[in-house]
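This report concerns only the one structure given below.
Not measured: the values here are computed from a predicted model.
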Amino acid sequence: MRHKLHVKTGDEVKVISGKDKGKTGKVVGVSTKEGKVIVEKINIATKHLKPKQQGATGSIVKVEAPMYASKVMLVCPKCKKATRLAHGVDEYGKKKRQCKHCSNLF
């Protein structure tokens with residue numbers, strides 16, 4: 001079952017729990033089916049790659065692993081604070097996300 005998440009690709013988020021608590025980063029990918037997000041330079045995991053061709057060597061690479069969306073909070077682009085979302089209506093009557101601290105629509 002797919003669930004609607006409070007963050008979108010490209011949003012600035014702050015990690016609120018886990019080993020990377022307090023760090024901020026940009027959302028690279030969102031999986032609504034799993035309820036997870038991938039944040040740039042956060043939750044780094046090492047991945048062992050097998051050689052693809054005969055005679056080639058394997059390698060170890062560092063990749064961003066998905067984390068649950070409930071572990072991140074959206075950062076307001078105006079006041080730069082981690083905030084819960086409210087919903088407001090702009091001057092054109094369109095529903096937009098709103099910061100709880102500064103009431104900025106984005």
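- Annotation: side chain to side chain contact (heavy atoms under 4.5 Å, CB included) contacts of Lys94 (sequence neighbours excluded): Asp90.
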May I have the list of side-chain donor-acceptor pairs in residues 37-55 shorter than 3.5 Å, sequence neighbours left out?
residue: Asn43; atom: ND2; partner: Ala65; partner atom: O; Å: 3.2
residue: Asn43; atom: ND2; partner: Pro66; partner atom: O; Å: 3.3

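- The side chain to side chain donor-acceptor pair (under 3.5 Å) check on Ser103 picks up nothing, with sequence neighbours excluded.
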Residues 67-88, side-chain donor-acceptor partners within the protein, below 3.5 Å, at least two apart:
residue: Lys80; atom: NZ; partner: Pro77; partner atom: O; Å: 3.3
residue: Thr83; atom: OG1; partner: Lys100; partner atom: N; Å: 3.2

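- In the hydrophobic clustering of this structure, Phe106 groups with Val7; members are Ile, Leu, Val, Met, Phe, Trp, Tyr whose side-chain heavy atoms approach within less than 4.5 Å, directly or through other members.
- Pairs passing the side chain to side chain donor-acceptor pair (under 3.5 Å) check and including a residue from residues 11-27, sequence neighbours excluded, read Asp11-Arg97, Asp20-Lys23.
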